[in-house]
2 protein chains.
Amino acid sequence: MVRVTITQVAARAGVSVASASRALNGLVASPETAAKVRDAARELGYVADATAQSLKRGRTLQLGFAVADIGNPVYVEMMAAVEQVVSASGYRLLLSSTGTSSSSVDVVRDLGRGYVDGLILSPLRVTDELLTALAAAPIPFVVLGRLPASADFDTVRADSPTAMRLVVDHLVAQGRRDIAFINGPTDTTPGVMRRDGFIAAVDRYDDLRTRHVDAADFTIAAGYDAALPLLDRPDRPTAVVAANDLIGVGVLRAAEDLGLQVPADLAVTGLDNTELAEVVRPGLTSVDLGAKERGRAAAEMLLARIADDTRPARTVTVPPALVVRGSTSASIPAALQRPEPIDEERAHG
Amino acid sequence: MVRVTITQVAARAGVSVASASRALNGLVASPETAAKVRDAARELGYVADATAQSLKRGRTLQLGFAVADIGNPVYVEMMAAVEQVVSASGYRLLLSSTGTSSSSVDVVRDLGRGYVDGLILSPLRVTDELLTALAAAPIPFVVLGRLPASADFDTVRADSPTAMRLVVDHLVAQGRRDIAFINGPTDTTPGVMRRDGFIAAVDRYDDLRTRHVDAADFTIAAGYDAALPLLDRPDRPTAVVAANDLIGVGVLRAAEDLGLQVPADLAVTGLDNTELAEVVRPGLTSVDLGAKERGRAAAEMLLARIADDTRPARTVTVPPALVVRGSTSASIPAALQRPEPIDEERAHG
DNA sequence: GTGAAAGCGCTAACAT
DNA sequence: ATGTTAGCGCTTTCAC
């Protein structure tokens with residue numbers, strides 16, 4: 001198929017390209033001209049070239065979403081929410097996976113190339129290098145995740161301290177006094193936030209025994225490996241707080257392999273409230289950190305920033321919600337542990 | 001930050017924009033000029049504008065990935081594989097979610113706007129309208145999924161018939177003779193392919209009893225709802241073949257709620273071999289349809305097509321692999337297959 | 001090897 | 001309301 005330009009449309013309609021452009025964009029044009037141009041465009045199968053429009057208009061109608069780990073269910077949920085808002089606003093979504101922290105900086109640097117009008121960035125680690133790059137970013141952006149107080153950027157974040165308080169209070173209410181925290185890598189922002197949150201949460205009690213283990217990664221396998229030695233000893237804890245659901249499932253598996261009954265012998269909690277928490281048995285008590293809400297909020301914030309780049313930087317914090325399942329509470333009836341009735345978001349795509 | 005153009009770089013280097021362009025792109029240039037230009041670019045923080053380059057070069061270095069349901073773990077896996085290949089080849093990945101079949105057509109039509117150099121499309125339903133739009137597509141594309149034989153397009157697909165044979169043979173080998181198939185919606189391509197595959201697979205035996213149920217959707221909830229009435233009766237089947245893992249997990253939940261032991265009372269299989277199959281208890285026997293391989297193959301095929309648009313259309317079929325877990329085989333160690341019973345007595349003791 | 005100039009396809013002044 | 005013209009920022013002939 002041959003590419004048809006506005007020049008050809010104009011020629012066929014017998015008007016100038018300017019008139020053709022105006023007619024096609026619904027600007028001033030006599031009804032007569034408008035009709036001729038519309039017909040010519042239709043007959044020729046004309047569609048405006050996006051690149052040329054972008055160059056001329058100075059905006060691409062593209063937004064970027066840079067995320068450390070596509071594949072992590074939490075990011076997938078965010079991405080889906082972002083995509084929805086973005087496409088509903090007439091923008092296209094550009095995805096980039098930034099495995100390492102340095103490539104995250106690369107993404108920000110690349111912003112100068114002008115292929116997106118804005119960026120949502122969810123960095124695993126916030127380095128000074130990244131902050132510097134962001135401060136110099138030539139286009140609007142929103143950061144998903146915690147930033148140092150000194151960084152005055154648009155941000156959407158979860159509330160780890162509250163999440164950890166919810167979890168710890170719940171476990172204490174269930175009579176647990178010996179609580180281990182299995183964290184992911186502490187050189188990541190979530191790792192630090194969740195650790196600090198846990199410490200602050202347990203510090204409000206003075207009759208708790210606590211211990212800390214770092215899993216090698218925020219994965220099931222790493223959670224399993226970290227839990228096994230912790231649980232395979234006489235003085236094992238009576239509860240484990242996992243830094244995310246994947247680690248939590250690893251803990252459940254380790255308990256299973258050691259013949260421990262959950263929750264009788266051991267209570268386990270996760271974080272993120274992914275579908276995984278709903279699906280495993282016993283169901284994994286978890287805290288919903290509002291991935292979907294964060295994605296939506298970030299996308300809307302970015303659009304608002306694009307519309308008005310003078311507004312002061314904002315930070316939105318999405319409140320967490322505890323979801324109790326069988327891994328901490330034997331009183332949850334089996335019937336409540338089955339899948340949520342429906343997920344309409346997905347059904348309607 | 002102000003946008004710096006090649007004109008400014010050229011001015012600073014004391015050369016023409018043409019020379020600057022050549023130097024920056026590693027074309028002919030005296031070492032002297034090259035150095036001056038490079039220095040000027042660095043000092044000014046110059047990065048070439050992607051839109052202008054695209055317009056001039058006639059290619060955007062962007063590829064599209066259009067998928068019906070971001071959020072479905074299978075597509076996420078594909079997407080991650082696609083992203084890897086695409087970004088490694090210097091392209092950016094543009095994501096579009098095409099909930100309905102009609103928006104899938106819209107995506108193809110939009111190809112004429114020229115904001116991508118190629119498209120990977122994974123349509124849930126292949127309509128004539130879509131095929132027509134594809135036939136008229138102005139740029140290269142690859143379809144992920146089965147197409148009618150009449151459509152001579154580049155395609156990557158799974159092998160549902162073989163997958164179903166693997167599953168059925170396995171169940172028969174386990175002594176199951178009464179096998180129910182719980183499908184997703186049959187107005188989708190996967191729905192049709194999996195149904196036909198199942199029928200062909202069981203037709204090779206003449207001592208099987210089979211039945212068919214359609215779940216409302218390829219989801220856990222729909223699988224649960226479809227399984228419940230099927231299993232809650234004296235003449236329930238001894239095995240259920242689910243059309244994907246999500247439905248399979250729904251079946252496991254239904255069996256659990258009805259007090260059926262899996263696999264003793266009922267064998268269950270899924271399809272796709274997502275992480276879910278690994279994580280539930282008992283583990284869900286499933287067939288790996290090679291989502292990652294399909295994503296990678298599709299991306300590579302698209303790049304090859306872009307490089308040479310005269311090559312004949314190809315179809316790559318990724319072979320499936322059976323992964324046996326506790327939901328069909330009692331010989332899988334007990335610790336790995338038994339659901340955790342909710343033991344209320346223990347809660348007191 | 002280098003510079004002047006054309007032009008990718010489009011929009012937006014600016015005249016008329 | 002319409003046409004002419006000047007670019008958006010870049011690459012690439014084409015002369016020299």
| request: Nearest whole angstrom, please: distance from the P of D:dT13 to the CG of B:Asn25. | output: 13 Å
| request: Compare every heavy atom of B:Leu111 with every heavy atom of B:Ala137, then report the nearest pair and how far apart it is. | output: CB-CD2, 4.3 Å
| Residue-phosphate contact under 4.0 Å: B:Ser30 side-chain N/O, C:dT2 OP1/OP2 | yes
| task | For D:dC10, take OP1 and OP2 only and decide whether either is under 4.0 Å from a side-chain N or O of B:Tyr46. | result | yes
| query | Can you tell me how far P of D:dT2 sits from CG of A:Leu24, to the nearest Å? | reply | 13 Å
| remark: Taken to the nearest whole Å, CZ/A:Arg3 to C1'/C:dC10 is 11 Å
| task | Please determine, for the side chain of B:Ala52, which listed nucleotide (C:dT11, D:dG9, C:dG9) has the closest atom? | result | D:dG9
| query | With distance as the sole test, does B:Thr5 use its side chain to make a donor-acceptor pair with the main-chain N or O of B:Thr7 at under 3.5 Å? | reply | yes
| said: Taking only side-chain N and O atoms of A:Ser16, does any of them lie within less than 4.0 angstrom of OP1 or OP2 on D:dG3? | reply: yes
| Once you round it to whole Å, what is the distance between P of C:dC10 and OH of B:Tyr115? | 16 Å
| request: Counting heavy atoms from C-beta on, name the nucleotide in D:dT11, D:dC10, C:dG9 closest to the side chain of A:Leu55. | output: C:dG9
| According to a strict under-4.0 Å criterion, is A:Ser21 in side-chain N/O contact with OP1 or OP2 of C:dC10? | no
| Which residue lies more 5' along DNA chain C, comparing A:Arg22 with A:Ile6 via nearest heavy atoms | A:Ile6
| Does the side chain of A:Gln53 get closer than 4.0 angstrom to OP1 or OP2 of C:dG9 through an N or O atom? | no
| Quiz item: A:Lys56 side-chain donor-acceptor pair to D:dG7 base, under 3.5 Å | yes
| request: Quick one: label A:Thr33 by what it contacts on the DNA or RNA (base, sugar-phosphate, nothing), any heavy atom closer than 4.0 Å. | output: sugar-phosphate
| said: What's the closest nucleotide to the side chain of A:Ala18 if the choices are C:dC10, C:dG3, C:dA12? | reply: C:dA12
| field | Atom pair distance, as rounded to whole Å: CG in A:Leu61 and P in C:dC10 | value | 15 Å
| said: Quick check for you: to the nearest 0.5 Å, what is the distance between A:Tyr75 atom OH and A:Ser122 atom OG? | reply: 4.0 Å
| field | Rounded interatomic separation in angstrom, taking CZ from B:Arg59 and P from D:dT12 | value | 10 Å
| message | Has A:Arg3 got a side-chain atom pairing as donor or acceptor with A:Tyr46's backbone, closer than 3.5 angstrom? | response | no
| Taking CZ from A:Arg57 and P from D:dG9, how many angstroms apart are they, rounded to a whole number? | 16 Å
| task | Give A:Ala29 one of three labels, base, sugar-phosphate or nothing, depending on what nucleic acid heavy atoms sit under 4.0 Å from its own. | result | sugar-phosphate
| query | Is B:Arg113 side chain donor-acceptor paired with the C:dG9 base, going by distance under 3.5 Å alone? | reply | no
| said: Check for me whether A:Arg305 meets the cation-pi criterion with A:Phe141, that is, NZ or CZ under 6.0 Å from the six-membered ring centre and within 45 degrees of the ring axis. | reply: no
